[in-house]
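Read through the structure below, which is laid out as structure tokens, and then see the notes.
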Amino acid sequence: MEGGIVGESGVGRAPSWATRAAEVQARALDAREGGDLLAALWSGGRLEQAFDAGALRRLAGYLQFARVGAGRRLIVQDEPGDFMLIVLDGRIGVERVPDVGTPSQIVEAHAGDVLGDMALLDDGPRFSTCTTRSECGLAVLETEALARLMREDPHLALVLMAALARRLSLRVRRVSARLSALLSDA
């Protein structure tokens, strides 16, 4: 589908990034350029000491980098997850389709955001569908690469897990605040 949404996968076996990349016509992004974009986004903050330039270069060795056009479905709700994405640039819409009713946009992801981490970590189904709204640069971490990272560089894997845990915690806090507001309005 030229310019349309592609990437419908059925429930069952988790699609690999290679499969999804072919479906969405992803183009390889130079690893040095991808690593530089990641370093610019993830340097500093609470984990500045742990995510120094050397750590980010090592982490980049476990990632794949890609560029994807607008209107491409990267993650499909309810499918198994075998990879997570780090948005390097561009915008990605995240929506949830209820069993009954119309889809609703949950959030729009931007540079630095992580998508697909829950399914990667807990081996559960994808919670939402993620579709590029503009051309996007992505860093991709597959389950197999995460396992290799844990074996080969456990300290770096721990730093990555701490960063993911912090991001998940922030998301849970936002959801809790929304839920509290909804309950107080009722």
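What you are looking at is a predicted structure, and each value in this text was computed from that prediction instead of being measured. We're numbering straight along the sequence, starting at 1.
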For the residue pair [X] and [Y], establish whether any side-chain heavy-atom pair is separated by less than 4.5 Å.
{"X": "Leu88", "Y": "Arg67", "value": "no"}
{"X": "Leu168", "Y": "Val114", "value": "no"}
{"X": "Ile92", "Y": "Leu115", "value": "yes"}
{"X": "Leu146", "Y": "Leu121", "value": "yes"}
{"X": "Val24", "Y": "Leu74", "value": "yes"}
{"X": "Phe65", "Y": "Leu37", "value": "no"}
{"X": "Arg58", "Y": "Leu56", "value": "no"}
{"X": "Trp42", "Y": "Leu160", "value": "yes"}

Looking at every non-hydrogen atom in both residues, tell me the closest pair between [X] and [Y] and how far apart they are.
{"X": "Ala139", "Y": "Leu63", "answer": "CB-CD1, 4.0 Å"}
{"X": "Thr143", "Y": "Phe83", "answer": "OG1-N, 4.5 Å"}
{"X": "Trp17", "Y": "Ala26", "answer": "CZ2-CB, 4.2 Å"}
{"X": "Gly124", "Y": "Ala119", "answer": "O-CB, 3.3 Å"}

Checklist entry - Who are the salt bridge (charged side-chain N to carboxylate O under 4.0 Å, His left out) partners of Glu108, not counting sequence neighbours? => result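 Partners of Glu108 under the salt bridge (charged side-chain N to carboxylate O under 4.0 Å, His left out) test: Arg91.
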Under 3.5 Å, which donor-acceptor pairs link side chains of residues 27-36 to any protein atom two or more places apart or in another chain?
residue	atom	partner	partner atom	Å
Arg27	NH2	Glu135	OE1	3.4
Asp30	OD2	Arg32	N	3.2
Asp30	OD2	Glu33	N	3.0

Could you tell me the separation between the [atom1] atom of [X] and the [atom2] atom of [Y], rounded to the nearest 0.5 Å?
{"X": "Arg126", "Y": "Met118", "atom1": "CZ", "atom2": "CE", "result": "9.5 Å"}
{"X": "Leu138", "Y": "Arg72", "atom1": "CG", "atom2": "CZ", "result": "13.0 Å"}
{"X": "Leu182", "Y": "Ser180", "atom1": "CG", "atom2": "OG", "result": "9.0 Å"}
{"X": "Ile86", "Y": "Leu141", "atom1": "CD1", "atom2": "CG", "result": "7.0 Å"}
{"X": "Leu164", "Y": "Arg166", "atom1": "CG", "atom2": "CZ", "result": "12.0 Å"}
{"X": "Thr129", "Y": "Asp78", "atom1": "OG1", "atom2": "CG", "result": "7.5 Å"}

Checklist entry - Between Leu120 and Met161, is there a shared hydrophobic cluster once you connect ILVMFWY residues whose side-chain heavy atoms come closer than 4.5 Å? => result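 Per the 4.5 Å side-chain linkage, Leu120 and Met161 are co-clustered.
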Checklist entry - When clusters are formed by joining ILVMFWY residues with side-chain heavy atoms under 4.5 Å apart, either directly or through shared neighbours, do Leu158 and Met150 land in the same one? => result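 Unlinked, Leu158 and Met150 end up in two clusters.
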Checklist entry - side chain to side chain contact (heavy atoms under 4.5 Å, CB included) between Asp89 and Leu41: does it pass, once the steps are laid out? => result CA-CA 10 Å; Asp89 59 41; Leu41 294 168; over 6 Å; no
Checklist entry - Among all residues two or more places apart in sequence or in another chain, which pass the side chain to side chain donor-acceptor pair (under 3.5 Å) test with Ser134? => result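 Applying side chain to side chain donor-acceptor pair (under 3.5 Å) to Ser134 gives none.
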Given 3.5 Å as the limit, does a donor-acceptor pair link the side chain of [X] with the main chain of [Y], or not?
{"X": "Thr131", "Y": "Gly93", "value": "no"}
{"X": "Ser169", "Y": "Ala165", "value": "no"}
{"X": "Ser128", "Y": "Gln77", "value": "no"}

Next on the checklist: Does Gln105, at its CD atom, have more than 12 non-hydrogen atoms belonging to other residues, nucleotides or ligands within less than 6.0 Å?
Outcome noted: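 Correct, the count exceeds 12.
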Next on the checklist: Pair Asp82, Ser16 - check side-chain hydrogen bond (donor to acceptor under 3.5 Å, both in side chains), show working.
Outcome noted: CA-CA 6 Å; Asp82 197 30; Ser16 68; over 6 Å; no
Item to check | Salt bridge Arg167-Asp117, side-chain N to carboxylate O under 4.0 Å | outcome: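 Not counted as a salt bridge, because no side-chain N and carboxylate O are separated by less than 4.0 Å.
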